[in-house]
Peer 1: 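The structure is given below, and queries will be raised subsequently.
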Amino acid sequence: MSIALLKPLITLLADGEYHSGQVLGQAAGVSRAAVWKRLQMLEPYGLAVQSTKGLGYRIAGGLDLLNADAIRRGLSDRARSLVGEVQVHDEIDSTNLRLLNGPAASGDVCVAEYQSAGKGRRGRTWVSPYGCNLYFSLCWQVHQGVAALEGLSLAVGVVIAEVLARFGLARVALKWPNDILLDGKKLAGVLIEVGGDLSGECRVVVGVGLNVRMTQSPNSAAVNQAWTDLASNGIEASRNMLCSALVSALLECLAGFAESGFAGYRQRWLQRAAFLNEPVQLLLPSRQVNGVLRGVDLQGGLELEVDGRAEVFTGGEISLRGSDAAG
Ligand code: BTN
């Protein structure tokens, strides 16, 4: 069933209060007897509805729904001059795919309550339950080809960490190249994709998934690493406000990045680097490298000390040596 048919129910239940079967039936255009069946259709979207005899139905804790106008209103002055269209979708396959393959313009922002095929790095799935986290992508036109984007994924990590610090979360760590961790668990992920002429006029899409409040345990088969969210760390922020702040900071970053590059972000990245001066394992497609993480270079390459020699790597996945944490 399409989410559009379920939206009237979601809108009513978003307040977290109990609603009678009669009221919900009227909203959904079904009989009172058919309400429960309709409500069960919310389950695949990650929405759990409680039913209590004599009280009716509710979504415990309610939902803080996204709103395009609110996101636009919350943008910084500079971001307002950079932003294009702000689209908010109830359901989409992937916000990255929409901006990569659709008719997007520089500065367009695509946000979704739910992604049916959210993409993670390295072909993984990004589990995207309805209405509880943030899933959004930004599109930016680049004239200088992908070479000008070296280090962008690290810069994006810095920008997200700095915005989260403004919301009261100062302990965020950055795991090369762009995982955002809190106490060693994944809090947010970034997926950067590029379309067009890679040596000239191209379109970069920056996709961000941030765990705001995982209302229920996501499908464990699809989530292959330890995760955390803002709510369980005491951060209760409106998703619209968070989205505005992140979009503002990211647009400001994108607007200058092709000219200025990663240099201005390097120190800020190092300040938050996970595993700095610790033994790590770098997993490359064809081999594994053991070394000590010494930092990143001016292009965002990973500096490892391997057998006493400095080496720089531009791809792969790192993990702390001796830990079984999945990357
Ligand atoms: C990672 O694997 O760490 C990257 C995850 C990126 C997920 C976000 S959610 C919004 C955007 N749309 C997608 O399909 N993926 C990114």
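Keep in mind that what you see is a predicted model, and the values were worked out from it rather than measured.
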Peer 1: Answer whether the closest heavy-atom distance between the side chains of Phe136 and Leu246 falls below 4.5 Å.
Peer 2: yes
Peer 1: Measure across Cys243 and Ile71 and return the closest heavy-atom pair with its distance rounded to 0.1 Å.
Peer 2: SG-CD1, 3.9 Å
Peer 1: Do any N or O atoms from the side chain of Thr125 and from the backbone of Val127 form a donor-acceptor pair under 3.5 angstrom?
Peer 2: no
Peer 1: Measure from the side-chain N and O atoms of Arg38 to the backbone N and O of Gly29, and report whether any donor-acceptor pair falls under 3.5 Å.
Peer 2: no
Peer 1: Do Tyr57 and Trp36 pass the ring-ring contact (aromatic ring centres under 6.0 Å, His included) test, and can you show the C-alpha distance, the side-chain angles, and the key distance before you say yes or no?
Peer 2: CA-CA 9 Å; Tyr57 306 92; Trp36 180 234; 5.7 Å; yes
Peer 1: With sequence neighbours excluded, give me every side-chain hydrogen bond (donor to acceptor under 3.5 Å, both in side chains) pair touching residues 277-292.
Peer 2: Asn277-Arg294
Peer 1: Kindly say whether Ala34 contributes a backbone atom to a donor-acceptor pair with the side chain of Ser31 at under 3.5 angstrom?
Peer 2: yes
Peer 1: In terms of ring plane angle, is the pair Tyr130 and Tyr45 parallel, tilted or perpendicular, where the classes change at 30° and 60°?
Peer 2: perpendicular
Peer 1: Which pair of non-hydrogen atoms, one from Gly157 and one from Leu174, has the smallest distance, and what is that distance?
Peer 2: O-CD2, 3.5 Å
Peer 1: Is Arg171 reaching over with its side chain to a backbone N or O of Leu181, donor-acceptor style, under 3.5 angstrom?
Peer 2: no
Peer 1: Under 6.0 Å from the CE atom of Met41, do we count more than 12 heavy atoms belonging to anything else shown?
Peer 2: yes
Peer 1: Can you find a pair of side-chain heavy atoms, one from Leu138 and one from Asp108, that are under 4.5 Å apart?
Peer 2: no
Peer 1: On a heavy-atom basis, which atom in Val190 and which in Ile160 lie closest, and how many Å separate them?
Peer 2: CG2-CD1, 3.7 Å
Peer 1: Is there a side-chain contact between Leu82 and Arg78 (heavy atoms, below 4.5 Å)?
Peer 2: yes
Peer 1: Stepwise, does the side chain to side chain contact (heavy atoms under 4.5 Å, CB included) test hold for Phe313 with Val289?
Peer 2: CA-CA 10 Å; Phe313 297 87; Val289 180; 3.9 Å; yes
Peer 1: Can you tell me if His19 uses its side chain to pair, donor with acceptor, with the backbone of Arg58 under 3.5 Å?
Peer 2: no
Peer 1: With the 4.5 Å side-chain cut-off for hydrophobic clustering, are Val312 and Val296 part of the same group?
Peer 2: no
Peer 1: Salt bridge check, Glu193 against Lys119: does any charged N sit closer than 4.0 Å to a carboxylate O?
Peer 2: yes
Peer 1: Do Leu47 and Leu63 make a side-chain contact, defined as non-hydrogen atoms from C-beta onward lying under 4.5 Å apart?
Peer 2: yes
Peer 1: For the pair Glu317 and Arg122, find out whether any cationic side-chain nitrogen is under 4.0 Å from an anionic carboxylate oxygen.
Peer 2: yes
Peer 1: I'd like a table of donor-acceptor pairs (distance under 3.5 Å, sequence neighbours excluded) in which one partner is a side-chain atom from residues 110-117, with atom names and distances.
Peer 2:
unit_1, atom_1, unit_2, atom_2, d
Glu113, OE1, Arg239, NH1, 3.2
Glu113, OE1, Arg239, NH2, 2.6
Glu113, OE2, Leu66, N, 2.8
Glu113, OE2, Arg239, NH2, 3.4
Gln115, OE1, Thr95, N, 2.9
Gln115, OE1, Thr95, OG1, 3.4
Gln115, NE2, Ser128, OG, 3.0
Ser116, OG, Ile92, O, 3.4

Peer 1: Taking Arg268 for its side chain and Gly264 for its backbone only, find out whether a donor-acceptor pair lies under 3.5 Å.
Peer 2: yes
Peer 1: Using the rule that Ile, Leu, Val, Met, Phe, Trp and Tyr join whenever any side-chain heavy atoms are under 4.5 Å apart, tell me whether Leu230 and Val208 fall into a single cluster.
Peer 2: yes
Peer 1: Do Trp227 and Leu187 have side chains that get closer than 4.5 Å, going by heavy atoms?
Peer 2: no
Peer 1: Is there a side chain to side chain contact (heavy atoms under 4.5 Å, CB included) between Leu13 and Leu39 once you walk through the steps?
Peer 2: CA-CA 10 Å; Leu13 293 166; Leu39 288 173; 3.7 Å; yes
Peer 1: Do other residues, nucleotides or ligands put more than 12 heavy atoms under 6.0 Å from Lys185 NZ?
Peer 2: no
Peer 1: Given the rule in the side chain to side chain contact (heavy atoms under 4.5 Å, CB included) test, do Arg121 and Asp179 qualify, once you have shown the distances and angles that lead to the verdict?
Peer 2: CA-CA 10 Å; Arg121 290 174 57 232; Asp179 273 351; 4.1 Å; yes
Peer 1: Answer yes if Val292 and Leu276 sit in the same cluster of Ile, Leu, Val, Met, Phe, Trp and Tyr residues linked by side chain heavy atoms under 4.5 Å apart, and no otherwise.
Peer 2: no
Peer 1: Give me the atom names and distance for the closest heavy-atom approach of Leu152 to Val206.
Peer 2: CD2-CG2, 4.3 Å
Peer 1: Verify whether one side chain among His89 and Gln87 offers a donor that lies under 3.5 Å from an acceptor in the other.
Peer 2: yes
Peer 1: Taking C-beta and beyond as the side chain, do Val23 and Leu12 meet within less than 4.5 Å on heavy atoms?
Peer 2: yes
Peer 1: How far apart are the closest heavy atoms of Pro129 and Met214, and which atoms are they?
Peer 2: CG-SD, 4.1 Å
Peer 1: Between Asp77 and Arg80, is there a side-chain N and carboxylate O pair less than 4.0 Å apart?
Peer 2: yes
Peer 1: Yes or no on side-chain hydrogen bond (donor to acceptor under 3.5 Å, both in side chains) for Arg203 and Gln141, after CA distance, side-chain angles and deciding distance?
Peer 2: CA-CA 5 Å; Arg203 172 189 290 190; Gln141 197 67 27; 4.5 Å; no
Peer 1: Determine, using the 4.5 Å side-chain heavy-atom cutoff (strictly less than), whether Phe275 and Leu284 are members of one ILVMFWY cluster.
Peer 2: yes
Peer 1: Would you say the side-chain atoms of Glu252 and Ser76 include a donor-acceptor pair closer than 3.5 Å?
Peer 2: yes
Peer 1: Within the structure provided, determine whether Val156 and Leu250 are in side-chain contact (heavy-atom separation under 4.5 Å).
Peer 2: yes
Peer 1: Looking only at heavy atoms, which two atoms of Arg321 and Gly291 are closest? And how far apart?
Peer 2: NH2-O, 2.9 Å
Peer 1: Could you give me the CA-CA distance, side-chain angles and deciding distance for Asn233 and Thr228, then say whether side-chain hydrogen bond (donor to acceptor under 3.5 Å, both in side chains) is met?
Peer 2: CA-CA 8 Å; Asn233 287 280; Thr228 188; 3.0 Å; yes
Peer 1: Going through the distances and angles, do Ser137 and Asn96 end up as a side-chain hydrogen bond (donor to acceptor under 3.5 Å, both in side chains)?
Peer 2: CA-CA 6 Å; Ser137 303; Asn96 262 39; 2.6 Å; yes
Peer 1: Please tell me whether Ser199 and Asp197 have a donor and an acceptor in their side chains that are separated by less than 3.5 angstrom.
Peer 2: yes
Peer 1: Determine whether Val280 and Trp176 satisfy the following criterion, side chain to side chain contact (heavy atoms under 4.5 Å, CB included), listing intermediate values before the conclusion.
Peer 2: CA-CA 11 Å; Val280 295; Trp176 188 88; over 6 Å; no
